[in-house]
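Okay, so here's the structure we're looking at.
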Amino acid sequence: MSEQQPQNVKTMSPLTWAEEASQSLMRTYEPPMLPPERRWHYHQGVFLYGVYRLWEQTQNEAYYQYLKDYVDYLIDENGSLYFRRDELDAIQAGLLLFPLYKKTGDRRYALAAKKLRHLLDTINKTSEGGYWHKDKYPYQMWLDGLYMAGPFTVKYGEMFNEPQLIEWALFQESLMRKNTKDNTTGLYAHAWDEKREQSWADPDTGQSPDFWGRSIGWYGMALVDILEDLPSSHPKKGELTDVVRQLVDHLLRYQDERSGLWYQVVDKGHQPDNWLETSASCLFLYTIAKGMRLGILDRTYTTAMEKGYNGLITEKVEWREGENVRLNDICVGTSAGLYDYYVTRERSTNDLHGVGAFIMACVEIDRIQQGR
């Protein structure tokens, strides 16, 4: 246990940890100043969607108001907002618009969501119809992209009666799986280059050669979030359920025996320069906990979940009552590359990638522990 923590931290519930982490950033930043400040961006979106999930559980209006203040700063009275129109990353924060519209009925939120939805009509695609991750990464699909656009697309299709969007999101997942899955490890490559032109691209498969933790975490999160919203009668539900089970089973082969966490490059924990990374570990725990809550996974996964959760609290969190939580060893934003690139990436404290993932994982773990 960190010397910065009081002795009673092990008695704190996961929901309390989620609240402490959320309030730490809420005290530090006014909503528009969340980094990168005054931007519609997935960094803020991931953290604030965690705040939304926390509001769902606690009904503490301070959480709702904080995420609303962020959105209202960036969206005008006509639902107009500035966002990057050449990348999937711009869509993720759109997940905040659905609960705001549902609670208020304010058409600004629906209009803003519609603008993000139409990005799907204009973004470039591979020859198979898979979205480029960004225009500056031509002919490349990245595992991250399924989370950046997939859950939003499904929710939009449901709320605004465009069922074809749901099928389109599932089609993107099928392409991602087809092009990035490694059948030897059962893991997924971070990126795939249709043209086989990138320095990291395998000349035969087009895949990047290493299994970067957070990208696989985004994929797992996307799968369980999409499954939560799919009707029980949907013909793809069983297939995606099997994909989640297989993914989790393969991830557990690489869970660190001592800490219960996962490495920056998932399958190479034996390498001395590899390191246990916080955001990926949180995303994997979220996938496991939510998978159990949805009935995708049975309760035999509880031991692995609790081991990972305890590892997070004892090894990656610094906290003293009355002070802000410090969540350490979070990889900063990262492109596709080779092993040396991943393991030398900067480690950050309280990066929004990690804090958002931590909050969402804690909320789901608490629901499992409380039987909710």
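Heavy-atom basis, side chains included; hydrogens, waters and symmetry copies ignored. Position 1 is the first residue of the sequence, and the numbers go up from there.
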Could you tell me whether [X] and [Y] have a side-chain N and a carboxylate O separated by less than 4.0 Å?
{"X": "K134", "Y": "D89", "result": "yes"}
{"X": "K178", "Y": "E128", "result": "yes"}
{"X": "R177", "Y": "E239", "result": "yes"}
{"X": "R53", "Y": "E364", "result": "no"}
{"X": "K268", "Y": "D210", "result": "yes"}
{"X": "D204", "Y": "R196", "result": "no"}
{"X": "K155", "Y": "D229", "result": "yes"}

Heavy-atom donor-acceptor pair, [X] side chain to [Y] backbone, under 3.5 Å:
{"X": "Q172", "Y": "Y131", "answer": "yes"}
{"X": "D193", "Y": "G206", "answer": "no"}
{"X": "D366", "Y": "C362", "answer": "no"}
{"X": "N350", "Y": "V325", "answer": "yes"}

Inset, instruction - In sequence, state the C-alpha distance, the side-chain angles, and the governing distance for I359 and W17, and then conclude on side-chain contact (heavy atoms from CB on, under 4.5 Å). - result: CA-CA 8 Å; I359 295 165; W17 276 116; over 6 Å; no
Inset, instruction - Would you kindly check if the NZ (Lys) or CZ (Arg) of R326 is within the cone defined by 45 degrees around the ring axis of W319 and under 6.0 Å from the six-membered ring centre? - result: no
Legend entry - Aromatic Y139 / basic K195 pairing, under 6.0 angstrom, 45° off normal: yes
Legend entry - Contacts of type side chain to side chain contact (heavy atoms under 4.5 Å, CB included), residue R85, not counting sequence neighbours: F83
Inset, instruction - Return the minimal non-hydrogen interatomic distance between G94 and L116, and the atom names on each side. - result: CA-CD1, 3.6 Å
Legend entry - Nearest non-hydrogen partners of R214 and V332, listed with the distance: NH2-O, 3.0 Å
Legend entry - Neighbour count >12 (heavy atoms, 6.0 Å) for atom CD, E30: no
Inset, instruction - Could you go through the side-chain contact (heavy atoms from CB on, under 4.5 Å) check for L165 and R117 one step at a time? - result: CA-CA 9 Å; L165 286 182; R117 175 258 177 271; 3.7 Å; yes
Legend entry - Residue pairs involving residues 174-230 (criterion ring pair (Phe, Tyr, Trp, His ring centres under 6.0 Å); sequence neighbours excluded): W142-H190, Y147-W218, Y188-Y219, H190-W212, H190-Y342, W212-Y342
